Number of protein chains: 2
Amino acid sequence: MDDILRALGHLALGSRLKRLGEQLQSDTQALLDALDPAVPSGQHPFLAALDRLGPLTVGDLAQALGVSQPGVTRTVARLVERGLAEAKPGPEDQRQKIVSLTAAGRQLVETAKGDLWPRIDAAVAELCRDLPGPLLAQLTAIEDRLASEPLHRRAARQRDGIQ
Amino acid sequence: MDDILRALGHLALGSRLKRLGEQLQSDTQALLDALDPAVPSGQHPFLAALDRLGPLTVGDLAQALGVSQPGVTRTVARLVERGLAEAKPGPEDQRQKIVSLTAAGRQLVETAKGDLWPRIDAAVAELCRDLPGPLLAQLTAIEDRLASEPLHRRAARQRDGIQ
DNA sequence: ACATGTTATATAACTTGTTATGTTATCGGA
DNA sequence: TCCGATAACATAACAAGTTATATAACATGT
């Protein structure tokens with residue numbers, strides 16, 4: 001039952017961060033499914049970027065999110081399919097594609113900002129509170145906390161004001 | 001030039017951990033390419049698990065690594081293709097597939113354990129030393145440190161004994 | 001003005017993770 | 001003994017990341 005990534009320490013930190021990130025995304029998804037339409041958790045940063053920064057080119061989105069340009073192109077296509085974003089050619093430079101939220105996209109973001117996003121933020125913040133020791137030990141603590149009480153239960157507990 | 005994942009704080013922690021993990025894996029890859037044959041950084045935990053725990057079934061590997069069974073099945077197939085691992089049916093239970101290192105695989109692991117893995121471990125440990133403040137700030141520090149000096153240069157600096 | 005180089009995005013191919021489901025082997029009870 | 005349930009692994013389909021390359025628009029120097 002020993003976890004090799006833990007045992008490998010700093011050597012496997014990359015794999016371990018990726019695994020924990022994916023688990024966190026997956027746990028978060030259970031909460032995000034409450035939205036209509038449901039948006040995969042990895043796409044929420046796209047919505048947040050467009051909400052915070054306004055219409056952006058594909059290249060600007062890639063830089064703001066720290067992912068590659070083809071990654072942005074594909075995810076934007078998904079958001080357009082779902083009717084949450086729209087794209088038009090740049091007025092000055094016709095090579096550019098300027099991505100913005102649709103009315104539905106803005107509404108989804110407003111809904112999320114009002115309730116769901118803050119609740120998730122609070123639950124994850126609680127998850128990360130008072131972590132002990134150096135980074136590897138902190139990661140272990142997060143993994144253990146998630147195993148002992150899943151994120152959606154932490155969020156529910158907080159919403160209901162239960163301590 | 002602002003980073004949305006940083007700005008989103010705990011809300012996007014999953015995406016941020018995944019992104020940082022992928023970057024770390026990618027940076028590590030530059031060092032791991034020195035091995036012959038080169039093995040993708042995400043497969044090294046498989047090799048380490050087989051080295052530390054001996055022959056394992058697919059299911060045991062999945063548990064030791066914390067990934068899904070189909071993920072293990074596929075990666076094991078890759079290792080077998082490269083001649084680093086081999087699989088035979090379980091002697092008791094013919095449904096099982098028992099995976100072990102080949103001679104080439106053992107040799108690769110021995111080489112890596114002697115030099116490369118410790119150097120990577122040390123470079124990542126240095127990267128994670130004296131991180132300030134709460135988790136989000138620590139992640140920011142790691143990102144900034146990696147941006148200011150890539151991992152392969154940190155490893156080279158350490159090997160050469162330069163301070 | 002036009003040839004050439006550069007830039008923005010799209011597309012293709014690949015990797016690695018997932019879930020859902022198919023196959024085959026094992027186990028247990030009638 | 002054999003039938004049904006369970007368990008281990010394989011396979012298929014999808015998601016999201018990557019790199020390499022194609023396409024089209026822009027910019028520039030002569």
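The structure displayed is predicted, hence computed values, not measured ones. Numbered from 1 within each chain, the chains take letters A, B, ... in sequence-line order. Note that these values count all heavy atoms, side chains included, but never hydrogens, waters or copies made by symmetry.
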Report the distance from atom [atom1] of [X] to atom [atom2] of [N], rounded to the nearest whole Å.
X: A/Gln23; N: C/dT16; atom1: CD; atom2: P; value: 21 Å
X: A/Arg74; N: D/dA15; atom1: CZ; atom2: P; value: 10 Å
X: A/Arg16; N: C/dG17; atom1: CZ; atom2: P; value: 16 Å
X: B/Gln63; N: D/dC9; atom1: CD; atom2: C1'; value: 16 Å
X: B/Gln29; N: D/dT19; atom1: CD; atom2: P; value: 12 Å
X: A/Glu81; N: D/dC14; atom1: CD; atom2: P; value: 13 Å

What's [X] touching, base or sugar-phosphate or nothing? Going by heavy atoms closer than 4.0 Å.
X: A/Gly59; result: sugar-phosphate
X: A/Gln43; result: sugar-phosphate
X: A/Glu92; result: sugar-phosphate
X: B/Val72; result: nothing
X: A/Arg78; result: sugar-phosphate
X: B/Thr57; result: sugar-phosphate
X: B/Pro40; result: sugar-phosphate

For the side chain of [X], starting at C-beta, report the closest nucleotide among [options].
X: B/Pro70; options: C/dT9, C/dG17, D/dA12; value: D/dA12
X: A/Gln96; options: C/dT19, D/dG17, C/dT9; value: C/dT9
X: A/Asp93; options: C/dT26, D/dC9, D/dA25; value: D/dA25
X: A/Lys97; options: C/dT26, C/dA10, D/dT11; value: C/dA10

Check whether the side chain of [X] and the base of [N] form a donor-acceptor pair under 3.5 Å.
X: A/Arg95; N: C/dT7; value: yes
X: A/Gln94; N: C/dA8; value: no
X: B/Gln69; N: D/dA10; value: yes

Exercise. Just by modelled atom types, is the B/Leu8 backbone N or O under 3.5 Å from a matching donor or acceptor in the B/Arg16 side chain?
Worked result: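 Flag not set: sc B/Arg16 to bb B/Leu8 has no pair under 3.5 Å.
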Side-chain heavy atoms of [X] within contact of [Y], under 4.5 Å:
X: B/Leu139; Y: B/Leu131; result: no
X: B/Leu50; Y: B/Ser100; result: no
X: B/Ile98; Y: B/Leu56; result: no
X: A/Glu126; Y: A/Arg145; result: no

For this session: Answer with yes or no whether the hydrophobic clustering places B/Leu5 together with A/Val99; edges join I, L, V, M, F, W, Y residues whose side-chain heavy atoms lie under 4.5 Å apart.
Result: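 Result: no, two separate clusters.
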For this session: Examine D/dA10: is either OP1 or OP2 under 4.0 Å from a nitrogen or oxygen in the side chain of B/Thr73? Give yes or no.
Result: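 Yes, within the criterion.
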Exercise. Within the structure, does a side-chain N or O atom of B/Ser68 lie under 4.0 Å from either OP1 or OP2 of C/dG17?
Worked result: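 Checking B/Ser68 against C/dG17: no side-chain N or O falls below 4.0 Å of OP1 or OP2.
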